[in-house]
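Throughout, a chain's letter reflects where its sequence line sits, starting with A, and its residues are numbered from 1.
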Protein chains: 2
Amino acid sequence: MAENRLEDAVRAVRMHYLQDMTMEAIAREMGVSRSTVSRLISFARESGLIEFRLHLPDEHVPNIEQRIGTQFGITAHVVPVPDTVSELERLERTAMVAARVLNNLFGSDMVLAVAWGNTVEAISRRLVPKTTHNSQIVQLNGAGSTEATGISYASEILSRFGKAYGARIEQFLVPAFFDYADTKRALWRERSVRRILDLQRRADVALFSIGSSTGDVPSHVYRAGYLNKAELRTLKQQDVAGDIATVFFRRDGSSTGIELNERASGPNLSTLKRLRRRLCVAAGNHKLPGLRAALEGGLITDLVIDDGTARRLLT
Amino acid sequence: MAENRLEDAVRAVRMHYLQDMTMEAIAREMGVSRSTVSRLISFARESGLIEFRLHLPDEHVPNIEQRIGTQFGITAHVVPVPDTVSELERLERTAMVAARVLNNLFGSDMVLAVAWGNTVEAISRRLVPKTTHNSQIVQLNGAGSTEATGISYASEILSRFGKAYGARIEQFLVPAFFDYADTKRALWRERSVRRILDLQRRADVALFSIGSSTGDVPSHVYRAGYLNKAELRTLKQQDVAGDIATVFFRRDGSSTGIELNERASGPNLSTLKRLRRRLCVAAGNHKLPGLRAALEGGLITDLVIDDGTARRLLT
DNA sequence: AATCTCTCTGCACGAACGTGCAGACATCAC
DNA sequence: GTGATGTCTGCACGTTCGTGCAGAGAGATT
C-alpha cells in the first residue's frame, strides 16, 4: 500500500496541477473520495514531490533584489514581509523561503555545511524534502557549552537536514568555544576531528546566518553558557560587528587579531570563502551591522533576507 | 500601472506559494481586496510566471513511462486519463500536458518547427507563455489545399506559438501536397523557400503528431481537399501506417518508394531524424499503428501520450 | 463639459478545498 | 478469540477561493 500512496499522489498531482482538474473530478476518476485526493495532494506538497518555481522575465526581477545583487555581487532573495509583523513571524517566513532556495542549491553528490542557531533552526523546521544520493550534511561549528544544552539542540537541527535530504550527517562534537587555544590546536590534530574539518572544507554549500549581540532574540553564542562577560566586553572593544558560526569579524569584514577566534570552533573566514556557495539567511534589522560587514568581507554568495531589512541595507 | 501589475503578481505568488499564505492574508498586507489577489495569482499562472514542477524520486517514475522509455529509447510522458472520457477530452488533456513538456524543451536561441493538425492546434490553445530571446518558430509543412481553408488555420496555430514564446514566426506558404513533383522541385530551388527549408533543418525541437486515416476525427490530410480517393487508395495499397507532417511511412518506419512523398511539403524522414528533439504528441487509440511505425523508425525522441493508448502500445 | 469606452476594483454568491471526527479494517500480542 | 494499536477512509462542516456583476475612475471623443 505504501508504494501505491506515492503513485496515487503523483497521479493526483499531475491531474490537479498539470491538467487543472478539480479534486472532485480527480476523485471520481480515481474512485476515492474528494478528501482523499485533497490529502494525497497535501502529502505530495509536503514531501516535495511538487515544486513551485518562479519564472521572472529577467527584466522584472524585483529591483530590490537586483540592486542588492549588483551592489554586492551576490544573488539575493528578498522575502516580502510587512514591517508590522513580529520579529518571530518575519523569521519564520524568511526561513520558509530559505528552505526552498536551499533546495535549488543543494543536491546529489554534494556536501552541505550547516551552522546552528535561531535562524538555521527555523529553516530546519521548514525544509522541503528532496531525495538526494551520496550527499552529506556536516555541522559547521561546535555546540558544546558550559550548560551542555547546545549539543542536543544542534544535533536535532542536523538530523532534520539529514532526514529531509536522505543524507548522512556528521556531527561536530566539540565545544563552541575552547577555554584554551592550545586545547583546540591539540584536538585539531586528532583524526576524528580532522575528518570533520576536511568535510567542512569540501562542502559545496554552507548555510548560516549572522550572529548578533543585539535584537530581541540575541544569538545563542552571546547568551549565558558560551561567553562570559569579560569576553563579551572584549569583543565590543575590538569593534566586532558580528559572527558566522562563532567566528567574529569587524565592520570591514576582517577578522585578524581577534583573539577569541583562536578558540572558536568554526572555520576561519578564509577557509569559509573557499566554499563555492555560501548561503546566508538574515531576518530582522538587528542583523544589519553584521550583515553589512559580512558582505563587505565577501563572505556571502547567496542571501535570503526579509523585505524591511533589505531596504535598510541599501540606504 | 501595467508594470506594477506584474510586480504585484510576483509578490502575491511568492507569498501564496512560497510562504503558504492565504489570499485573505496577502490581501491585507497588500492593501487590496481578496478578489484582486485571486486575480493577480490567476494572472501569474496564466502568464507562466509560476511553474509547477514534478520531482519524481527516480525509482518512482510511473512504470508505464519507464517501460515505454526503455523499450523505445525515448522519454515518455503518460497523461492519466480514464478510458471512459470522450476522444475530445482525451485530446484536450493530453495537449495541456504537452504544452508544459514543450516549455521544458524549448527556450532562448532555439528554433521550433511545428507541424499543424488537430493535435497541434489543441496544444497551441494551451500553451503556457514563456519569454524567450532570439528564438524562432517555423512551420514544418505546407497547408495549402484545393479548398484553401488550411492556410489561415495553420497560420493561426503558428501565431499562437509565436505569441506564447515572444518568438518570430516563419510561415511555409506552399500547398500541403503538390500535384506534380516537378513543381515542388522547382519551388525548392527558390531562395524564399530555401530559407524556410534551411530553418527547418536547423530546428532544435520539432513538434508533431501522427497522422492517421482512421478514428472519429481523421487527420486533416486524409480529408477532402488534400488527397483524392485514388491517392488514398494507393496509400492503403502501399501499406502506409501513418504520416508526420504529410510525409508517409510504413509499418516498419520506412518511407522509400512511397510516391506521394515526392509531392509532399514536409521534411523527408532522414532530414527529420537529424533534429535533436522530436516531440510527438499522440492521443487516442487510432494513432497507435502510426505511432508504432514512427517509433520503429526512430522518428521520435520525446512522446506525450494518454494513459489508455500508452497501455495498448506496450501490448 | 458631456459622453463614451475601457480597465480595474470590491462585493457577494456559489464552487472548491482542508480537516476534526468517527467508523472500518488490518496487524499484532496474549 | 479478544482486545489493543495504528492506519486509512468518507462525511460534514467551516474556510478559502473563483467569478459575474455593477460601480468608480481614467482617458479619449465630440
A:S35: what forms a side-chain hydrogen bond (donor to acceptor under 3.5 Å, both in side chains) with it, not counting sequence neighbours?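 So A:S35 forms a side-chain hydrogen bond (donor to acceptor under 3.5 Å, both in side chains) with A:S33.
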Counterpart residues, side-chain hydrogen bond (donor to acceptor under 3.5 Å, both in side chains), relative to A:R53 (two or more places apart):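 Partners of A:R53 by the side-chain hydrogen bond (donor to acceptor under 3.5 Å, both in side chains) criterion, ordered by chain and then number, come out as A:E51.
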Rounded to the nearest angstrom, tell me the gap between atom [atom1] in [X] and atom [atom2] in [N].
X	N	atom1	atom2	value
B:H16	C:dG18	NE2	P	10 Å
A:L40	C:dA16	CG	C1'	17 Å
B:M21	D:dC17	CE	P	11 Å
B:Y17	D:dT16	OH	C1'	13 Å
B:M15	D:dC17	CE	C1'	17 Å
A:F43	C:dG18	CZ	P	15 Å
B:R28	C:dG10	CZ	P	15 Å
B:I41	D:dG18	CD1	C1'	11 Å

Contact list (N/O, under 3.5 angstrom) for nucleotides 11-15 of chain D vs protein:
| from | atom 1 | to | atom 2 | distance (Å) |
| --- | --- | --- | --- | --- |
| D:dC11 | N4 | A:S35 | OG | 3.4 |

For A:R100, enumerate each residue passing the salt bridge (charged side-chain N to carboxylate O under 4.0 Å, His left out) test, keeping only those at least two apart in sequence or located in another chain.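 Salt bridge (charged side-chain N to carboxylate O under 4.0 Å, His left out) check on A:R100 returns nothing, list empty.
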Quick one: which residue pairs count as a side chain to side chain donor-acceptor pair (under 3.5 Å) with a foot in residues 104-115 of chain B, not counting sequence neighbours?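 Those involving residues 104-115 of chain B are B:D109-B:N134.
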At under 4.0 Å, does any side-chain N or O of A:S38 touch on OP1 or OP2 of C:dG18?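 Answer is yes, contact under 4.0 Å.
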Donor-acceptor pair between A:R45 and B:Y17 side chains, under 3.5 angstrom: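 No, no side-chain donor-acceptor pair sits under 3.5 Å.
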Identify, with sequence neighbours excluded, every residue that meets side chain to side chain contact (heavy atoms under 4.5 Å, CB included) alongside A:A44.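 Listed in chain order: A:A9, A:V13, A:L49.
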From C:dT9, D:dG18, C:dA16, pick the nucleotide closest to the side chain of B:R45?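 Selected nucleotide (nearest to the side chain): D:dG18.
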